[in-house]
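See below for the structure under consideration.
All figures in this text were calculated on a predicted structure; none of them were measured in a lab. Chain identifiers are assigned alphabetically (A, B, ...) following the order of the sequence lines, protein sequences preceding nucleic acid strands; residue numbering begins at 1 within each chain.
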Amino acid sequence: MSHLGPGSKLASSKEQAGLRYPSNGKTIYHRPLNRSKTAELSQAAFAYLFSEMVSYAQKRSTGIQELEKRLNEQGHPIGLKLLDLLLIREPARSQNRPLNIIALLHFIKINVWTHLFGRQADRLEKSSNPDTPDEYMIIDNEPLVNAYISVPREMNQLNCAAYVAGIIEGVCDGAMFPARVTAHTVGGKEEGEMWPGKTVFLVKFQPEVLEREALLGKG
Amino acid sequence: MGHGYEFVVMTVFALIIINKAGGLIYNRTFHEGGLNKVSTNDLLVLAGTFHGVHAITARINPLRHLSNNANAAAGNRSSSSSGSLGLQARPDPPAGLEVLETENFRMQCFCTLTGTKFLLFTDTAQANVDVTMRRVYDMYADYVMKNPFYQLEMPIRCDMFDRKLSSYIREINNR
């Protein structure tokens, strides 16, 4: 994070009592809090927690849009923090934040997904529609947050992975690629459907991001 | 299907879930022709009736309570010298009716600690119904209880539960 603040202040405070760095350079930020062998958490515990988060958001909202917005807002700060955390855990030479859209999306698809869900996202796509060159899609066949959730028919527009969309949005915002991210269910409802919960995370970047990308591309 | 084959084939016919107040919250037929069709109204009556019968059978089986009372009395007499006796003295919830068997089908009932009842209607020759029941209960715990849109004690309308249940039972019925 040296690119953020004045480095001299940090160096001088090193001499003061209280702030000590381990000799191998590994701080508490370099390893997970949970130090069990696989560092895994209980999916059931998460499912109950997430279920309550959805209920909480639902109680306070009047429509599906608002409910998704609330879930999105719950995820956003996690994304912001996760970007910092995952970058600080990278080896020192690759510690810089992603500088173009493709690198950013790859970072999300691989690093963020693996950290959160223990596997990569399934696919990455660019919108084929020439009218929306600012739209990218991250595809997850089976979002972990939706593992136990059946959305009632009258709310079929809703996808609770809006929470994950919020996390992605946080990562994008933190990396200075302001974007709007939404989650959409695309899996079919028919019997025998391979991935009934297939979800597309639609990443829509702000115009200035594309403008900058175009300028960088020229140079 | 060959002649006489039907006597060997093992099938799970249907599942009914009754909430703790005796209301029918789920019913599903997996195999047509095993049981007679019953109208929804009759099913509701059946669920309520079974609930009552189950409550009665749970009360008329006194053996477990007697032994528990004896344990508790013994614990009191020793003037609660050890704390571990408190644990033993807590009685198991009375179990009540568990299996009902007829010429054509077998009904197994599983009552959870919270009073929800699962009734599984199977072929009389069906083996390992306990295992099936356990798995159904697992699925209920996963896909119903962890679903934020399910309201407790209300009818179960969860796509995911339906889907997982169908594929599991289909696997058994096709074995």
Chain B contact via [X] - side chain, backbone, both or neither, heavy atoms under 4.5 Å:
X       : answer
A:Ala44 : both
A:Glu52 : neither
A:Leu49 : neither
A:Met53 : neither

For the [atom1] atom on [X], are there more than 12 heavy atoms of other groups (residues, nucleotides or ligands in this structure) within a distance under 6.0 Å?
X        : atom1 : answer
B:Lys164 : NZ    : no
A:Glu142 : CD    : no
A:Gln65  : CD    : no
A:Lys126 : NZ    : yes
A:Arg119 : CZ    : yes
A:Met155 : CE    : yes
A:Glu66  : CD    : yes
B:Glu101 : CD    : yes

Measure the spacing between [atom1] of [X] and [atom2] of [Y] and express it to the nearest 0.5 Å.
X        : Y        : atom1 : atom2 : result
A:Ser150 : B:Arg157 : OG    : CZ    : 12.5 Å
A:Ile149 : B:Lys146 : CD1   : NZ    : 11.5 Å
A:Ser55  : B:Tyr150 : OG    : OH    : 13.5 Å
A:Arg153 : B:Phe149 : CZ    : CZ    : 14.0 Å

- [ ] Evaluate side chain to side chain contact (heavy atoms under 4.5 Å, CB included) for A:Tyr148 paired with B:Asp142, printing each intermediate quantity in order.
- [x] CA-CA 6 Å; A:Tyr148 301 120; B:Asp142 276 350; 3.6 Å; yes
- [ ] State, yes or no, whether a side-chain contact exists between A:Pro196 and B:Arg163 at a heavy-atom distance under 4.5 Å.
- [x]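 Touching, per the 4.5 Å side-chain cut-off.
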Open item on the list: So which residue, A:Ser51, A:Cys160, A:Ala47, ends up with the most heavy-atom pairs under 4.5 Å with chain B?
Closed with: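 With the most close heavy-atom pairs to chain B, the winner is A:Ser51.
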